Amino acid sequence: MLELKGLTFDVVDETTQQKKRIIDQLDLVIESDQFVVVTGPNGGGKSTLAKLIMGIETPTAGTILFDGQDITGLSITERAKLGIGYGFQQPARFKGMTVKKLLDLAAGERLSPLVCNEYLRKVGLCSASYIMREVDKSLSGGEVKRIEIATMLARNPKLAMYDEPEAGIDLWSFDRLTETFRDIHEAKDGRSIVIISHQERIIDLADTIVLLRDGKVALQGPREEVVPQLGFSGHRQGDDGCGFSVPKAARSLQDPIMSATC
């Protein structure tokens, strides 16, 4: 489905005028029907990688192939039409745009209230309370995040990328999200999910785990092989805690990641 060949992305510091490499000649293949979790320390290039795939950023070098087609030079809109979707870490707000209208636009058709209710239910929101609300500053960050995920579900892309979907979301809604991601993956309809996350309960859903560090793939493989090497802290799911934890391999001493437990 997706193949990255020698993908490289450099930025220039405006103050020092020095070049910094964010993604370093990265090779990666994501097949159809795969659930991939990309994890790693903050600043390792995870969000940048997703933005390069979506076309939000332009690579310095390398090639991006989707279903065998070279999409390196295609726009965001062109990639979206091919079936690539991206959920931002910090979603945009749209003053004057209702949740219902946003879901309609994502689906490409006018949805019934019943269908809208189902998408909102999957992200832990009550349709009666949200469907006619505007997606503006009156909503919390967690609410906007869940609404964006609902629009991704309505759009149903072939390759869905989510950047830390658990951020700002309460544990009950987080449970609903993990169930939804599991259901999508178990459908085995040729669609793939890529989630950027540090959370063990999401990592536990993956077929493949990619550990990104300094813009390179430091570790990649099946969940059963990679998880023991990540060194999780806190409780695992099924123990006396909620398992809402962060792997030690994903931490950075310069930018520590907080872990939440019940």
Side-chain angles (χ1 to χ4, degrees), residues 1-9 21-57 59 62-66 71 79 84-91 145 148-149 152 157-167 169 174 177-178 180-182 184-185 191-232 244-252 255 257 259:
M1 174 180 278
L2 180 75
E3 184 176 3
L4 311 179
K5 295 182 177 181
L7 198 65
T8 302
F9 181 66
R21 180 149 293 181
I22 307 300
I23 299 296
D24 191 4
Q25 299 182 13
L26 187 147
D27 295 326
L28 182 65
V29 175
I30 296 174
E31 303 288 355
S32 298
D33 286 323
Q34 270 202 313
F35 192 136
V36 179
V37 172
V38 179
T39 191
N42 288 353
K46 303 183 298 297
S47 294
T48 299
L49 177 62
K51 290 176 181 177
L52 288 167
I53 295 170
M54 192 68 241
I56 298 168
E57 299 284 5
T63 305
I64 304 173
L65 301 173
F66 186 67
I71 64 169
R79 297 183 197 206
I84 302 175
Y86 175 54
F88 287 84
Q89 190 176 60
Q90 297 180 331
K145 185 82 169 183
E148 183 193 50
I149 295 172
M152 281 278 283
K158 292 178 67 176
L159 174 64
M161 297 182 291
Y162 298 91
D163 195 347
E164 297 192 11
E166 72 278 2
I169 294 178
F174 181 73
L177 281 179
T178 55
T180 297
F181 291 142
R182 184 185 294 109
I184 293 171
H185 181 48
R191 300 177 188 276
S192 293
I193 302 173
V194 176
I195 297 183
I196 296 169
S197 180
H198 302 121
Q199 297 299 343
E200 181 179 2
R201 289 172 62 188
I202 288 182
I203 290 173
D204 277 344
L205 297 173
D207 298 315
T208 301
I209 298 171
V210 176
L211 177 64
L212 204 62
R213 183 185 290 124
D214 298 325
K216 298 180 179 180
V217 175
L219 185 64
Q220 178 183 355
R223 179 187 65 248
E224 295 81 6
E225 296 178 8
V226 175
V227 164
Q229 301 180 60
L230 291 179
F232 283 102
F244 209 43
S245 58
V246 181
K248 294 177 182 176
R251 295 180 177 182
S252 165
D255 192 3
I257 302 167
S259 124

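Computed from a predicted model, the values in this text were never measured in an experiment.
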Is a side-chain N or O of Asp163 found less than 3.5 angstrom from the main chain of Gly87, in a donor-acceptor match?
no
What pair of heavy atoms forms the shortest contact from Leu26 to Gly215, and how long is it?
CD1-O, 3.7 Å
What is the distance from atom CG of Asn42 to atom OG of Ser47, rounded to the nearest 0.5 Å?
9.0 Å
With Gln220, which residues qualify under side-chain hydrogen bond (donor to acceptor under 3.5 Å, both in side chains), at least two apart?
none
Determine whether Leu212 and Val217 satisfy the following criterion, side-chain contact (heavy atoms from CB on, under 4.5 Å), listing intermediate values before the conclusion.
CA-CA 5 Å; Leu212 204 62; Val217 175; 4.2 Å; yes
Holding to side-chain contact (heavy atoms from CB on, under 4.5 Å), I want the full list of residues that pass it with Glu225, two or more places apart in sequence or in another chain.
Pro222
For Glu164, which residues count as a side-chain hydrogen bond (donor to acceptor under 3.5 Å, both in side chains) partner, sequence neighbours excluded?
Gln89
Any pair counted as ring pair (Phe, Tyr, Trp, His ring centres under 6.0 Å), so long as it reaches residues 27-46, sequence neighbours left out:
Phe35-His185
Side-chain contact, heavy-atom cut-off 4.5 Å: Pro157 with Ile84?
no
Find out whether Val37 and Leu205 are in side-chain contact, i.e. whether some heavy atom of one side chain is under 4.5 Å from a heavy atom of the other.
no
For Lys216, enumerate each residue passing the side-chain hydrogen bond (donor to acceptor under 3.5 Å, both in side chains) test, keeping only those at least two apart in sequence or located in another chain.
Asp24
Closest heavy-atom pair, Arg213 versus Ala218, reported as atoms and distance to 0.1 Å, is NH1-CB, 3.6 Å
Partners meeting salt bridge (Lys or Arg N to Asp or Glu O under 4.0 Å) with Arg191 (sequence neighbours left out):
Asp189
Please report the shortest heavy-atom distance between Ile203 and Ser197, naming the atom on each side.
CD1-O, 4.4 Å
What's the separation between atom CG in Leu211 and atom CG in Leu219, rounded to the nearest 0.5 Å?
5.5 Å
How about CG on Asp27, more than 12 heavy atoms from neighbouring residues, nucleotides or ligands closer than 6.0 Å, or not?
yes
Please tabulate, for side-chain N and O atoms in residues 48-57, each donor-acceptor pair with protein atoms closer than 3.5 Å (sequence neighbours left out).
none

Residue pair Ile64 / Leu4, side-chain heavy-atom distance below 4.5 Å:
yes
Side chain to side chain contact (heavy atoms under 4.5 Å, CB included) with Val38: of Thr208, Leu28, Val194, only one passes, and it is Val194
Can you tell me how far the CG atom of Asp33 sits from the CD1 atom of Ile184, to the nearest 0.5 Å?
12.5 Å
Kindly say whether Phe88 contributes a backbone atom to a donor-acceptor pair with the side chain of Glu148 at under 3.5 angstrom?
yes
Using the side-chain contact (heavy atoms from CB on, under 4.5 Å) criterion, which residues pair with Ser32? Sequence neighbours excluded.
Met1
Is there a side-chain contact between Glu200 and Leu230 (heavy atoms, below 4.5 Å)?
no
With sequence neighbours excluded, what pairs up with Phe66 under the ring-ring contact (aromatic ring centres under 6.0 Å, His included) test?
none
Decide yes or no on side-chain contact (heavy atoms from CB on, under 4.5 Å) for Glu166 and Leu177, but give the supporting numbers first.
CA-CA 8 Å; Glu166 72 278 2; Leu177 281 179; 6.0 Å; no
Minimum heavy-atom distance between Gly45 and Ile23, given as atom pair plus value
O-CD1, 3.4 Å
Note, Ser192 side chain near Glu31 side chain (heavy atom, < 4.5 Å)
no
Distance check, rounded to the nearest 0.5 Å: Lys46 atom NZ versus Thr39 atom OG1?
6.5 Å
So CD1 of Ile202 and CZ of Phe181: to nearest 0.5 Å the spacing works out to 6.0 Å
Separation of Ile193 CD1 from Lys158 NZ (nearest 0.5 Å)
15.0 Å
Taking side-chain hydrogen bond (donor to acceptor under 3.5 Å, both in side chains) as the definition, give me every residue that meets it alongside Tyr162, ordered by chain and number, with sequence neighbours left out.
none
